[in-house]
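Heads up, the thing below is written out as structure tokens.
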There are 2 protein chains.
Amino acid sequence: MAVGIRDVARAAGVSTATVSRALGKGPVSDALREQVEAAVRATGYRPNLSARRLRSQAAQTIGLIVADIRNPFFTAVSRAVEDAAYRAGMRLILCNTGEDAEREALYLRLMQEERVTGVVFAPTRRTAERLRPEDFPFPLVLIDRTGPPGGHDGVVLDNVAAGAALVDHLVEQGFSRISGLFGSTSSTAEERRDGYLSAMRRHGLAPQVRTVLPDAEPAQGEVARWLAGADRPEALVLSNGLILMGAVRAARAAGLAWPGGIALAGFDNEPWTDLVEPGLTVIEQPVAEIGAQAMDLLFDRLKNPDQPVRKVVLSGRLIARGSTARR
Amino acid sequence: MAVGIRDVARAAGVSTATVSRALGKGPVSDALREQVEAAVRATGYRPNLSARRLRSQAAQTIGLIVADIRNPFFTAVSRAVEDAAYRAGMRLILCNTGEDAEREALYLRLMQEERVTGVVFAPTRRTAERLRPEDFPFPLVLIDRTGPPGGHDGVVLDNVAAGAALVDHLVEQGFSRISGLFGSTSSTAEERRDGYLSAMRRHGLAPQVRTVLPDAEPAQGEVARWLAGADRPEALVLSNGLILMGAVRAARAAGLAWPGGIALAGFDNEPWTDLVEPGLTVIEQPVAEIGAQAMDLLFDRLKNPDQPVRKVVLSGRLIARGSTARR
DNA sequence: ACGGCCTATGAAAACGTTTTCATAAGCAGC
DNA sequence: GCTGCTTATGAAAACGTTTTCATAGGCCGT
């Protein structure tokens, strides 16, 4: 039934060591290599990766742990990471935490048990704070979100600048009662909020901030309540694509379609943001670059374990559309 | 450095067999089990899954191979599959083929080398045709797309009925020059086209069909050419969410916003389809059900390898929105 | 009190590879 | 023609578990 390397060796009339070498990169004469390849074809042999990994102590696997694969930001980053892994001849294990700290812990444990080569991780704030490098026998690269300084390599957006850029843009467009709704689980949302706050102060405006679970439904509910209240803002800054979607829904439901209703500015240039009229103003993130850089950091760290911790900060790009049109 | 079961055994003063049994479900006295657990905590032991899988010949892993993870249909199905796997104590390997037959073959080979417990697969038409059960030592369940009858278990939408339903709806709304744009890589797109064709015939209308790679950019280009030509249709049926998005873009670019421009009806009730004004008419697929059913079929097959091949056909639901409003 | 039968435990085999170590053969230099 | 060096090959160890097999001890029925 299960054909192993011994069967191939027998069929080729050589030892298992020779088969292993012929399939790998060991020194084998051309004649034998050909015999072995013929035997492999004849027997339909498929190597057993568990055995290979166990013996060679090289999993050739990298783990990718993201918060929510439905968020197009993460699917885009995933593709970049997958491509890089693929090019390096590594497999990818993709895990979804749903912003749940317990599942994060579970998956981190799983990575250790898989003896992975390295991990790319977008942690919740709570987990990021407890992340200690010495607990992990593999390189751990943080993306999108960051932990305590000096802990792990990471790739993040310049979130403070991006948050401020949205405020600057809204002010320039003539808005002043600008409020912000930010995700509650990530350092990234916090930084975007800080950017929002400092820009508001700089403009001499009164900030107003709320916080919500970073998903469309909770955001929609929160915005709906906000719009129904007495302190309805003129413009809203939303800290990610899912929250932005919730806000659009709430604005629609309240009959506050723009222009003239409420101005919206958010993050992530998702495919639908230019389709909903008259287009949503967003900060576009360099998603492919984020994934690629994360893998670069990871491979660098493998090559050179003792180099100082590096943090790559990338800039977003403001895409102004109709949702923030001048009043 | 690497702490193994031997270290735990030494720390607990027992044999490795006892440690293994204490950690698994073997019969161990309460006293020893406690000692072992203490030793595990003290040593920080993490089992090596490669070794475990090698010895126990049970990968406890299921593979999921989809065409395009950016397609929200597949991300939604993935989550259902992941949940089911998680509940069954299995890990998931997620692979992305990008509708490329070569990568499909690559990943199927990978699954064999990983000795996975089973695979859930959305194959291209070309691969589906060549899929022979005897080539796979594990259960293979097809989703969304189907192969030759009697080959593998599968879960699909009633695509013929769904394609026809869109035509019926458009006819009811007063349209008659209804054309169809269908994906070129899947049996599913073919079936939807068949449904379209038979419904058109039934209504005594002249069908007009084109075919395209199932992604937004190619679809946009094709629709743009179509709308610029002499035979511009009144209404379009689009065979999946990405193609639908391309069509919306092309219609926008051509200044043919509805109502009054071109009517659009497609597949997949993606989150953005009700946001783009005045809403897109779609067939909603029971995504969670599809994933869950696929895993049910897989586990049933594991339990009972010789039962007859089963195909589960689920019905879609028409969601009528403004994009097909009566002329 | 004794034989038989469970039950908990340990020693060692087994899982399918890769890698180490030893060896034989080939070849250059004298 | 012998020595020393390189190279291809095979035998066997090793990777870290689980599982089999043997054994010792306790308990039950007689």
Side-chain angles (χ1 to χ4, degrees), chain A residues 1-37 39-40 43-61 89 91 109-117 137, chain B residues 1-37 39-40 43-61 89 91 109-117 137:
Chain A
M1 175 73 209
V3 28
I5 205 175
R6 312 179 64 99
D7 305 292
V8 177
R10 201 171 311 129
V14 299
S15 73
T16 62
T18 299
V19 175
S20 175
R21 284 191 272 252
L23 266 40
K25 52 180 164 46
V28 187
S29 68
D30 290 349
L32 281 196
R33 166 162 280 131
E34 218 161 292
Q35 278 181 50
V36 169
E37 279 165 6
V40 166
T43 54
Y45 167 72
R46 292 270 170 261
N48 182 320
L49 291 185
S50 292
R52 176 174 291 179
R53 283 197 272 257
L54 171 59
R55 171 60 230 213
S56 62
Q57 301 286 74
Q60 298 283 78
T61 299
R91 343 205 168 288
R109 187 149 26 99
L110 173 66
M111 294 303 152
Q112 308 204 180
E113 300 185 351
E114 294 278 5
R115 304 293 195 265
V116 295
T117 311
Chain B
M1 175 74 208
V3 29
I5 204 175
R6 313 179 63 101
D7 305 291
V8 177
R10 203 170 310 130
V14 299
S15 73
T16 62
T18 299
V19 175
S20 175
R21 284 191 274 251
L23 265 39
K25 54 179 164 46
V28 188
S29 68
D30 291 350
L32 280 196
R33 167 161 279 131
E34 218 160 291
Q35 277 181 52
V36 169
E37 279 164 6
V40 166
T43 55
Y45 167 74
R46 292 271 171 259
N48 182 319
L49 290 185
S50 292
R52 175 174 292 176
R53 282 197 274 255
L54 171 60
R55 172 61 231 215
S56 63
Q57 302 288 72
Q60 299 282 77
T61 299
R91 344 204 170 287
R109 187 148 28 97
L110 174 65
M111 292 303 152
Q112 307 203 179
E113 301 184 350
E114 292 278 5
R115 305 292 195 265
V116 295
T117 311

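Reminder, nothing fancy here: chain letters follow the sequence lines and each chain counts from 1. Please read all numbers here as calculations on a predicted model, not as lab measurements.
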A/Val14 backbone acceptor or donor facing A/Thr18 side chain under 3.5 Å: no
Regarding A/Leu49, tell me which of base, sugar-phosphate or nothing describes its non-hydrogen contacts under 4.0 Å with the strands shown. nothing
Ranking B/Ala51 and B/Gly13 by the position along DNA chain C of their nearest nucleotide, the one closer to 5' is B/Gly13
Given side chains that start at C-beta, do those of A/Asp7 and A/Arg10 come closer than 4.5 Å, heavy atoms only? yes
Between the side chains of A/Glu114 and A/Arg91, is the shortest nitrogen-to-carboxylate-oxygen separation below 4.0 Å, so that they form an ion pair? no
Quick check for you: among C/dG10, C/dG16, D/dT17, whose closest atom lies nearest to any side-chain atom of A/Asn48? C/dG16
So, is B/Arg55 close to the C/dA14 phosphate, meaning a side-chain N or O under 4.0 Å from OP1 or OP2? no
Ignoring backbone atoms, test whether B/Ser56 places a side-chain nitrogen or oxygen under 4.0 Å from the OP1 or OP2 oxygen of D/dT18. no
If only atom types and distance count, is the side chain of A/Ser20 paired as donor or acceptor with the main-chain N or O of A/Thr16 below 3.5 Å? no
Taken to the nearest whole Å, CZ/B/Arg53 to P/D/dT17 is 13 Å
Tell me: CZ of A/Arg46 to P of C/dT17, nearest whole Å? 12 Å
Between B/Gln57 and C/dA14, does any side-chain N or O lie under 4.0 Å from OP1 or OP2? no
Nearest-angstrom distance from the residue atom CZ of A/Arg52 to C1' of C/dT18: 9 Å
Whole-Å distance separating the CZ atom of B/Arg33 from the C1' atom of C/dT7: 14 Å
Looking at B/Val3 and B/Tyr45, what are the two nearest heavy atoms and their distance? O-CD1, 3.5 Å
If you compare all heavy atoms of A/Ala59 against all heavy atoms of A/Thr117, which two are closest, and at what distance to 0.1 Å? C-OG1, 4.2 Å
Can you find a heavy atom in the side chain of A/Val116 that is under 4.5 Å from one in the side chain of A/Leu110? no
Would you please confirm or rule out a distance under 4.0 Å between OP1 or OP2 of D/dT9 and any side-chain N or O of A/Ser29? yes
Report which part of the nucleic acid A/Thr18 touches: base, sugar-phosphate, or nothing (heavy-atom distance under 4.0 Å, all strands). sugar-phosphate
Rounded to whole Å, the CG-P distance (A/Asp7 to C/dG16) equals 9 Å
Under 3.5 Å donor-acceptor pair, A/Arg21 side-chain atoms to D/dG10 base atoms: yes
Starting at atom CZ of A/Arg6, determine the distance to atom P of C/dA14, rounded to an integer number of angstrom. 10 Å
Quick note, A/Pro27 side chain, CB onward, closest among C/dT18, C/dT9, D/dA8 is D/dA8
Reading DNA chain D from 5' onward, which residue's closest nucleotide shows up sooner: B/Lys25 or B/Leu54? B/Leu54
Distance check, rounded to the nearest 0.5 Å: B/Ile5 atom CD1 versus B/Thr43 atom OG1? 10.5 Å
Please check the phosphate of C/dT9 (OP1 and OP2 only) for any side-chain N or O of B/Ser15 closer than 4.0 Å. no
Nearest whole angstrom, please: distance from the C1' of D/dG16 to the CD of A/Gln112. 17 Å
Looking at five pairs on each end of the helix from C/dA1-D/dT30 to C/dC30-D/dG1, what is the angle between the two axes, given to 10 degrees? 40°
Show each protein N/O and nucleotides 22-25 of chain C N/O combination with a separation under 3.5 Å, one pair to a line.
none

Would a 4.5 Å heavy-atom cut-off, applied to side chains only, mark B/Arg115 and A/Arg46 as touching? yes
Min side-chain heavy-atom separation A/Arg53-A/Thr61 under 4.5 Å: yes
Distance, rounded to the nearest Å, where B/Tyr45 contributes OH and D/dT18 contributes P: 6 Å
